[in-house]
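Have a look at the structure below, then the notes.
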Amino acid sequence: MKIYLIAFLLAVTSLNKTQAQQLNKIDEPAFKPGEKLSYKMKYGIFTAAEANIRVEETPLKFEDKPSYHIIAEGKTAGTFDVFYKVRNRYETYVDEQTIEPYFYAENRHESNYKHTDIVVFNHRNHTIKAKKGIFPLEGKVFDFLSSYYYARCIDVSKLQIGEKMDIQYFLEDGVHTLTITYMGKEKVTCSMGTFNCLKFNPTIIPGRIFRKDSKLYLWITDDGNRIPVKAHVELIVGSLNMDLTAASGLKYPLNPVSKD
């Protein structure tokens with residue numbers, strides 16, 4: 001099970017524009033430096049992987065603007081670590097105000113497979129430079145991590161059930177579009193308790209991992225933090241569940257309906 005899937009599950013909360021309405025960014029970020037989130041991904045009853053994602057202050061400036069440094073690290077666990085060891089790291093530098101990315105890097109080590117990439121988003125020249133070439137930067141385009149944090153700064157109060165949204169993200173060799181459907185509000189239980197959540201259903205591209213009719217659902221807290229607490233995705237064989245196990249340094253109190 002590739003840890004890259006964890007980054008995908010986090011990123012699919014990203015909401016950009018809809019054909020029906022313009023979704024507006026709130027006045028200030030929903031997160032702050034020092035925030036740390038931890039997740040476990042389970043295959044059936046077995047813990048398949050663990051991931052940690054954090055926001056750090058940095059003195060680095062891009063295009064003369066201050067930035068946040070966001071880091072995500074994932075690894076396999078238990079039996080999965082014996083038969084298919086994964087050690088992945090992703091990081092992005094984003095504008096403190098717009099949350100749009102300037103620099104993205106990934107280092108993936110999955111069993112015998114290794115992959116690295118460095119992506120530079122040049123907003124002045126409107127280009128994206130990666131290992132596989134230079135691509136046009138048109139509109140708002142994110143990497144996986146920056147898309148997730150940008151999403152948390154979007155006003156979704158006027159979303160209607162069934163409304164579809166598109167997000168643009170860059171991955172390896174070009175800009176791609178992901179369609180997401182808002183499914184409404186639900187109470188969801190994770191390792192940290194039961195929370196009032198917003199539910200989303202992103203589209204899935206069939207392949208080696210997903211069936212043609214596989215479904216992916218993700219729940220984020222319906223509060224000022226907007227953090228994912230749970231995800232469920234159907235695979236060719238079985239399914240995976242992502243679960244929030246720890247959260248610290250949040251900008252707003254995390255208020256579960258009940259604690260486990």
Side-chain angles (χ1 to χ4, degrees), residues 6-7 9-16 23-42 47 49-58 66-74 90-100 142 144-161 165 167 180 182-202 217-232 241-260:
I6 292 181
L9 291 175
L10 292 175
V12 294
T13 60
S14 301
L15 310 177
N16 193 354
L23 297 180
N24 297 315
K25 181 175 174 292
I26 60 178
D27 293 334
E28 61 181 50
F31 59 91
K32 64 179 182 179
E35 179 187 273
K36 296 181 181 180
L37 304 174
S38 297
Y39 294 90
K40 284 187 178 180
M41 185 174 286
K42 290 190 174 183
T47 298
E50 299 173 345
N52 296 286
I53 183 170
R54 63 186 185 272
V55 182
E56 297 182 348
E57 291 183 311
T58 175
S67 64
Y68 291 131
H69 186 198
I70 304 172
I71 303 164
E73 295 174 308
Y90 313 87
E91 55 186 315
T92 185
Y93 288 84
V94 303
D95 187 287
E96 286 188 4
Q97 298 299 317
T98 67
I99 319 300
E100 294 181 61
F142 301 90
F144 277 128
L145 292 182
S146 61
S147 66
Y148 159 55
Y149 280 88
Y150 177 79
R152 293 171 58 183
C153 303
I154 295 296
D155 180 6
V156 295
S157 61
K158 296 181 180 180
L159 281 178
Q160 301 297 315
I161 294 177
M165 300 149 283
I167 174 176
I180 308 165
Y182 174 58
M183 304 296 290
K185 298 183 179 183
E186 288 185 1
K187 284 186 173 63
V188 172
T189 299
C190 69
S191 296
M192 296 190 67
T194 300
F195 296 86
N196 291 315
C197 291
L198 305 173
K199 182 180 180 181
F200 296 93
N201 171 217
Y217 298 104
L218 191 142
W219 294 265
I220 67 173
T221 55
D222 187 14
D223 60 11
N225 295 300
R226 294 281 169 77
I227 58 175
V229 297
K230 186 176 180 179
H232 175 82
N241 289 284
M242 187 182 75
D243 183 76
L244 177 69
T245 57
S248 62
L250 300 178
K251 188 169 186 177
Y252 303 102
L254 188 62
N255 296 316
V257 177
S258 61
K259 295 183 179 180
D260 289 352

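Side-chain atoms are counted along with the backbone in the values below, which use heavy atoms only and exclude waters and symmetry mates. Worth saying up front: this structure is predicted, and the values here are computed from it rather than measured.
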Ring pair (Phe, Tyr, Trp, His ring centres under 6.0 Å) assessment of Y149 paired with F31:
CA-CA 8 Å; Y149 280 88; F31 59 91; 4.8 Å; yes

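- Residues passing the salt bridge (charged side-chain N to carboxylate O under 4.0 Å, His left out) test with K251, sequence neighbours excluded: E28.
- To the nearest 0.5 angstrom, R226 atom CZ is 5.5 Å from L198 atom CG.
- Side-chain atoms of L250 and L37, non-hydrogen and from C-beta on, do get closer than 4.5 Å to each other.
- Checked against the 6.0 Å centroid threshold, F142 and Y150 count as a close aromatic pair.
- In this structure, the separation between CG on D223 and OH on Y252 is 10.0 Å, given to the nearest 0.5 Å.
- The two residues C153 and P29 come nearest to each other via the heavy atoms SG-CA, 3.5 Å.
- Ion pairing of K230 with E186 is absent here, as no side-chain N (NZ or NE/NH1/NH2) approaches a carboxylate O to less than 4.0 Å.
- Across every non-hydrogen atom of P33 and Y68, the tightest pair is CG-CE2, 3.4 Å.
- Separation of atoms CD (E50) and CD (E73) is listed at 12.0 Å; rounding is to 0.5 Å.
- Applying the salt bridge (charged side-chain N to carboxylate O under 4.0 Å, His left out) criterion to D243, with sequence neighbours excluded, gives no partner residue.
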Show your working on side-chain contact (heavy atoms from CB on, under 4.5 Å) between I180 and L218 and close with a plain yes or no.
CA-CA 10 Å; I180 308 165; L218 191 142; over 6 Å; no

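- Other residues, nucleotides and ligands contribute over 12 non-hydrogen atoms within 6.0 Å of the NZ atom of K199.
- Taken from CD1 in I70 to OG1 in T92, the straight-line distance is 6.0 Å, to the nearest 0.5 Å.
- The distance from the CG atom of L254 to the CE atom of M192 is 5.5 Å, given to the nearest 0.5 Å.
- Between the CD atom of E56 and the OH atom of Y93 there is a distance of 8.0 Å, given to the nearest 0.5 Å.
- Here the shortest heavy-atom pairing between S191 and L244 reads CB-O, 3.5 Å.
- At least one side-chain heavy atom of I227 sits less than 4.5 Å from a side-chain heavy atom of R152.
- With sequence neighbours excluded, the residues satisfying side-chain hydrogen bond (donor to acceptor under 3.5 Å, both in side chains) with S38 are N52.
- The two atoms that bring T47 and K40 nearest to each other are CG2-CD, 4.2 Å, heavy atoms only.
- The environment of CD in E57 is sparse: at most 12 heavy-atom neighbours from other residues, nucleotides or ligands sit within 6.0 Å.
- Nearest heavy-atom pair, Y39 versus P228, reported as atom, atom and distance to 0.1 Å: OH-O, 2.8 Å.
- Contact record, G184 with I161: CA-CG1, 3.8 Å, taken as the closest heavy-atom pair.
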Could you check F200 against Y217 for ring pair (Phe, Tyr, Trp, His ring centres under 6.0 Å), going step by step and ending with a plain yes or no?
CA-CA 6 Å; F200 296 93; Y217 298 104; over 10 Å; no

